[in-house]
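Quick notes on the structure that follows.
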Amino acid sequence: MSSHGHRTIRMFNVLHISCLEDVHTSVSWAAERPLLSVHIFTPEIRNVAGRKYLSLWREITGSTLVTMSKRRSLTEAQCVSLAQKLLRERLCHQKLPDRPLALDSQYKHLLELLRRTAVHGESNSVLIVGPRGSGKTMLLGCVLRELMSLKEAQKNVLLVELNGLLQTDDKIALKEITRQLHLENVVGDKVFGSFAENLAFLLEALKKGDKSSSRPVVFVLDEFDLFAHHKNQTLLYNLLDVSQSAQTPVAVLGLTCRLDVLELLEKRVKSRFSHRQIHLFSSLSFAQYVDAVRSQLSLPPDFPDPKFSDAWNHSVTKLCEEKSVEEILRRHFNSSKDFRSLHSLLFLSVSRVSVSHSTLHEADLLEASRLISADSKAIILHGLSILELCLIIAMKHLNDTYDGEPFNFQMVHNEFKKFIQRKSHSIHKFEKPVVMKAFEHLLQLELVRPVDSGVCKVQREYQLMRLMLEHGQVMEALQRYPQCPTDVKQWALSAFA
Amino acid sequence: MVSTPLSKWKLAAITSAPCGAYMNYAEGLMASNIPTSPQETAVDFQEMGLQDKLLRKPTNQSITRMSVTLQCPGYPEDTLRSLAERLPCRETQLATLLALMGQPDQYSYPSVFIYGHRATGKSHVVLSIMKDLELPHASVDCVECVSSGLLFHQVLSAFFGPDAAALLPRCPSLSDFVRLYKQMSSNSPATQTRYIILDRAERMRDMDFSLLPALLRLQELVNDNVTVILLSEIVWEKFRPNTGCFEPLLFHFPDYSKAELVQILSWDHHPSYTPELYASYINILLGVFFSVCRDLRELRHLAVLNFSKFCEPLEKGEAKESDIHKLWKNIEPHLQRAMQTVYLREVSSVQWEQQQMDEKEATTLRVLSAHAHIELPYYSKFLLIAAYLASFNPARTDRRFFLKSHGKIRKTNFLKKHEKTSNHLLGPKPFPLDRLMAIFYSVVDSRVAPTASIFSQISSLVTLQLLSQVGHDDQLDSPKYKCSVSLDFILAISRTVGFDVVKYLYDFL
């Protein structure tokens, strides 16, 4: 009896058959043993011939339980592409995680609040405050998902999602609210005197026929601080007013990245707000961070090919224990703890996985980290011509000599001429218009900016400018500049021009 | 004199589409599609012993890069190979982009920001990928979109057809766009990743403040498989809004090295000459221009313009193709002159062409710049000189310069303390009309009466923008002026009237 495809697990006496030819041979073998279940992993079992074999099997072995598994063995390429698909969805935030990491208390708080609105009809307002990428939208998504799974909430609760970037005006916001509550027909062509009237009409229309209480509405205001810039803050005022006056159970949730968002609100709006804030400051330790990396990169247990996913998860665990990877992660952890930057790092590494390169290596992470932490201005300096580089060095010298005071093109040209006359042998003299064109190129790249950015009555050569690069950036760029002439380098390094 | 095939080729080259389409043009010209390797041209040049520092080591990178196979499942292999061949020196970037994009049905990162210098092939590579692999994309040039409504219109019509775009209201807001997009994509969900390519994205900073942050997170706002690719010259730090936004993936297109430029420019060699000759011509051109300009478009334009002059000795039979030194001696002064004129667009390309055809000996080029060939009347010249002196000399030094007897003035007053305070570096200062007239009378040797003709000459100088009026327009009493010409111009003018202006300038004491 071949050992291919036959594995007996001692405890449960399960027989795995992966090839149809083995069914025959297995029949006699199985007849002698008491089997609890037989798993058949063959694709052919689903056709007519396969089912015939199954019935034959049942006859012979009597009371043996046979389960047909729909699993198929996938090729390596398919596995890799499926893994990529899953990981990409996760890292591009298309799928909400089951539970947000390290945000348990905030999760419970928010869920409790929303439950009280949805089930008990209590009006609430809360602000979720946290830096960019800390998981505000994700937290809200998870909470809403759980809320909607409650039976009472599912039937009653209405959700209105507004975004400060899209609804830049109160009128637009009101139209959007009408649309999301599906009340366009009800409103029709009515003309309202004020915002408050309109909103009251909408909320009145939501009252159910028989009950006196109306359906609870959850308003989610993304980029809450942008709503505070609208005229008179009417939308905020009216929403918070409704949430205080207890006519309809309304929950107003604001998500914002500004810590000082309350300063932006007017006094009358601030007084109607319940001052409940949920802060999402990441309190992860480094060990938890590495753990999070591992869990983000691991394939879920329901992956169709368990062998591949086991090997993958194993390699991910090994990767997270390596010294160099730990260094990379620590560098990222020290600069920002939020998940979004982590996801961009992981996305770059995962995108390098392909059929020929089917597991993650540390080189991938290293390359991704290098791409993310590159200094873009220094990279741009790499592509300048020699003349432009000399102009930048001249500006650096002017900054050093005159302590950062603004300069104009004439001064830069003067410095450059001094260098050409005294120290340079490789760079010959260029005409002033040619140097001016190089200077204008630097202006277009915004490496140099005029001090008063506006239409100036001063001639171009005399307009005051500032250099938008630092001493260190210029020196670093010089080190990496391809085939930089030595006299230029020496000029840059000299303290006095 | 110039053979017809050459002029036809040049016409095609000059009027060809911008850099992005140079490959199509080159394909049409070239018989074989294997460019000369940089090693051969470097060896040629070693024989000449020129001063230019050319790349003497063979570049291994360019050769090994050709053999990088693009492994991207989900796209047909032969298309990928032909795509790689059409994008020389950009294979690594192509591979990384394709890796980022992934298979068509997979999600890609919501926004990607590609930056790099001008003419490094950003738009060319991205658009070639989109067209060859036939991916659903909407390509928008932000310079064309004066209002955001135009951008929305283009995106919707590219993805969902013109009927969808027609549903946009008159002045669509971002909210309308997102709502319509969601509506359309629920009717026809994306089976493949859709791409929105925004070229010259630095213009988006001047549009609505919420447009850029919203487009960066468009994938989550419309809940669809869409990726926004931004292409720009300017680094990402200058785009970031005040309160932050969704950070895109940053991706850099490096500039071309000298060897790569030679390789790419050698692709459009003229059919009647050998590729080696053209490659050596390109090397000479780069020797003159590389330290000033690395923009592929400019270099290509200059190469095309000057090639006929380069081939002149060959046409006349004075030199053979291997006489690189003679050819270099012929073309090098011409290229230097080109740097003063055509490169600066002082002369139009057509004029430059005509120069080459007409002149036999090197005559001075008539430049377009208005200031160069201006003819002023005698007194106007002196008025201009007086204005220059008034602008660049401090008022307290007028006594010393312009009085016949200025008595004993202590020399220490005139010691320049700091170089920075040199007026030539700070710019011209405004002066009242009276001061101008005083200096004028002192500077002009003959006796001049203050008639209206003199004053009207001042007005015409203002019209010519040699002087500029400072201050309010209705100050008829004592108008103030400023001189806006350069030192070289004034030196030229004063030479024509025989006046030594340097003697009277405070900065040159």
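Excluded from the calculations below are hydrogen atoms, water molecules and symmetry mates; all remaining heavy atoms, backbone and side chain alike, are included. Letters A, B, ... are given to chains in the order of the sequence lines, protein chains preceding strands, and every chain is numbered from 1.
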Seminar exercise, completed: Output for pair (Leu97(B) CG, Ser351(A) OG), nearest 0.5 Å, gives 10.5 Å
Exercise. Given that the side chain runs from C-beta out, which part of Tyr115(B) has a heavy atom under 4.5 Å from chain A: side chain, backbone, both or neither?
Worked result: side chain
Problem set entry | Top contributor to chain A contacts, counting heavy-atom pairs under 4.5 Å, from Lys238(B), Lys482(B), Arg217(B) | Lys238(B)
For this session: Check each atom of Glu233(B) against the heavy atoms of chain A and say whether the ones under 4.5 Å are side chain, backbone, both or neither.
Result: both
For this session: Identify which part of Leu100(B) has an atom lying under 4.5 Å from any heavy atom of chain A, answering side chain, backbone, both or neither.
Result: both
Problem set entry | Contact summary for Cys293(B) and Ser385(A), nearest pair of heavy atoms | N-CB, 3.9 Å
Exercise. Does Lys377(A) reach the main-chain N or O of Glu237(B) with its side chain, forming a donor-acceptor pair under 3.5 Å?
Worked result: no
Exercise. Which is it for Leu371(A) and Leu250(B) under the side chain to side chain contact (heavy atoms under 4.5 Å, CB included) test, yes or no, and what are the steps along the way?
Worked result: CA-CA 8 Å; Leu371(A) 273 178; Leu250(B) 301 181; over 6 Å; no
Seminar exercise, completed: Hits for salt bridge (Lys or Arg N to Asp or Glu O under 4.0 Å) against Asp169(A), two or more places apart or cross-chain, chain-then-number order -> none
Exercise. Given side chains that start at C-beta, do those of Gln103(B) and Ser81(A) come closer than 4.5 Å, heavy atoms only?
Worked result: yes
Exercise. If you count the non-hydrogen atoms of other residues, nucleotides and ligands that lie under 6.0 Å from CZ in Arg205(B), is the total more than 12?
Worked result: yes
Seminar exercise, completed: Greatest number of non-hydrogen atom pairs under 4.5 angstrom with chain A, of Pro248(B), Pro428(B), Pro110(B), Ser232(B), falls to Pro428(B)
Problem set entry | Winner by heavy-atom pair count (cut-off under 4.5 Å) against chain A, out of Gln219(B), Arg118(B), Glu202(B), Met101(B) | Arg118(B)
Exercise. Ignoring hydrogens and geometry, is there a side-chain-to-backbone donor-acceptor pair from Asn408(A) to Leu425(B) under 3.5 Å?
Worked result: yes
Exercise. Given the rule in the side chain to side chain contact (heavy atoms under 4.5 Å, CB included) test, do Arg345(B) and Lys437(A) qualify, once you have shown the distances and angles that lead to the verdict?
Worked result: CA-CA 10 Å; Arg345(B) 305 294 190 274; Lys437(A) 184 161 175 171; 4.2 Å; yes
Problem set entry | Between Glu247(B) and Ser344(A): side-chain donor-acceptor atoms closer than 3.5 Å | no
Problem set entry | Ile172(A), part contacting chain B, at a heavy-atom distance under 4.5 Å | side chain
Exercise. Hey, is CZ on Arg449(A) packed in by over 12 heavy atoms from elsewhere, all under 6.0 Å?
Worked result: no
Problem set entry | CZ-CG distance between Phe251(B) and Leu348(A), expressed to the nearest 0.5 angstrom | 9.5 Å
Exercise. Under a 4.5 Å heavy-atom cut-off, does chain B meet the side chain of Glu223(A), its backbone, both or neither?
Worked result: side chain
Problem set entry | Side-chain donor/acceptor of His252(B) to backbone N/O of Ser376(A), under 3.5 Å | no
Exercise. What distance separates Leu464(A) CG from Leu426(B) CG, expressed to the nearest 0.5 Å?
Worked result: 8.5 Å
Problem set entry | Met339(B) and Phe430(A): CA distance, side-chain angles, deciding distance, side chain to side chain contact (heavy atoms under 4.5 Å, CB included) verdict | CA-CA 9 Å; Met339(B) 193 178 337; Phe430(A) 291 108; 4.2 Å; yes
Problem set entry | Side-chain donor/acceptor of Arg294(B) to backbone N/O of Leu384(A), under 3.5 Å | yes
For this session: Using non-hydrogen atoms and a 4.5 Å limit, figure out which bit of Arg132(A) sits close to chain B: side chain, backbone, both or neither.
Result: side chain
Problem set entry | Worked check of side chain to side chain contact (heavy atoms under 4.5 Å, CB included) between Thr243(B) and Cys257(A) | CA-CA 8 Å; Thr243(B) 50; Cys257(A) 66; 4.3 Å; yes
Seminar exercise, completed: Highest number of heavy-atom pairs under 4.5 Å with chain B among His441(A), Glu388(A), Arg258(A), Glu176(A) belongs to His441(A)
For this session: Might you confirm whether atom CZ of Arg240(B) has over 12 heavy atoms from other residues, nucleotides or ligands at distances under 6.0 Å?
Result: yes
Problem set entry | Ile379(A) vs Phe253(B) side-chain heavy atoms within contact, under 4.5 Å | no
Exercise. Which atoms of Gln84(A) come close to chain B, meaning under 4.5 Å heavy atom to heavy atom: side chain ones, backbone ones, both, or neither?
Worked result: both
For this session: Please determine, by modelled atom types, if Gln167(A) and Ser175(B) share a side-chain donor-acceptor pair under 3.5 angstrom.
Result: yes
For this session: Give a yes or no on this: more than 12 heavy atoms of other residues, nucleotides or ligands lie within 6.0 Å of atom CG of Asn242(B).
Result: no
Problem set entry | Leu445(A) and His117(B), any side-chain heavy atoms less than 4.5 Å apart | yes
For this session: Go through Arg179(B) and Glu161(A) one step at a time and tell me if the salt bridge (charged side-chain N to carboxylate O under 4.0 Å, His left out) criterion holds.
Result: CA-CA 12 Å; Arg179(B) 176 181 52 90; Glu161(A) 285 172 324; over 6 Å; no
Problem set entry | Spacing of Asn225(B) atom CG and Arg88(A) atom CZ [to the nearest 0.5 Å] | 10.0 Å
Exercise. Does the side chain of Leu387(A) come within less than 4.5 Å of Ser291(B)'s, by heavy atoms?
Worked result: no
Exercise. What part of Thr168(A) gets closer than 4.5 Å to chain B, counting heavy atoms only: side chain, backbone, both or neither?
Worked result: side chain
For this session: Please indicate whether Lys480(B) has more than 12 foreign heavy atoms, meaning atoms of other residues, nucleotides or ligands, lying under 6.0 Å from its NZ.
Result: no
Problem set entry | Any Ile380(A) side-chain heavy atom under 4.5 Å of Val235(B) side chain | yes
For this session: Look at atom CD of Glu470(A) and say whether more than 12 heavy atoms of other residues, nucleotides or ligands are closer to it than 6.0 Å.
Result: no
For this session: Return each pair, listed once, that meets salt bridge (charged side-chain N to carboxylate O under 4.0 Å, His left out) where at least one residue sits in residues 98-116 of chain B; pairs must be two or more places apart or across chains.
Result: Lys85(A)-Asp105(B)
Exercise. How many angstroms lie between CG in Leu165(A) and CG in Leu211(B), if you round to the nearest 0.5 Å?
Worked result: 10.0 Å
Exercise. Where on Val292(B) is there a heavy atom nearer than 4.5 Å to chain A: the side chain, the backbone, both, or neither?
Worked result: both
Problem set entry | Met468(A), part contacting chain B, at a heavy-atom distance under 4.5 Å | side chain
For this session: Grab the two heavy atoms, one from Cys92(A) and one from Tyr107(B), that are nearest each other, plus how far apart they are.
Result: SG-CB, 4.4 Å
Problem set entry | From CG (Asp176(B)) to NZ (Lys175(A)), nearest 0.5 Å | 7.0 Å
Exercise. Leu91(A) and Tyr109(B): which non-hydrogen atoms are nearest, and at how many Å?
Worked result: O-CE1, 4.5 Å
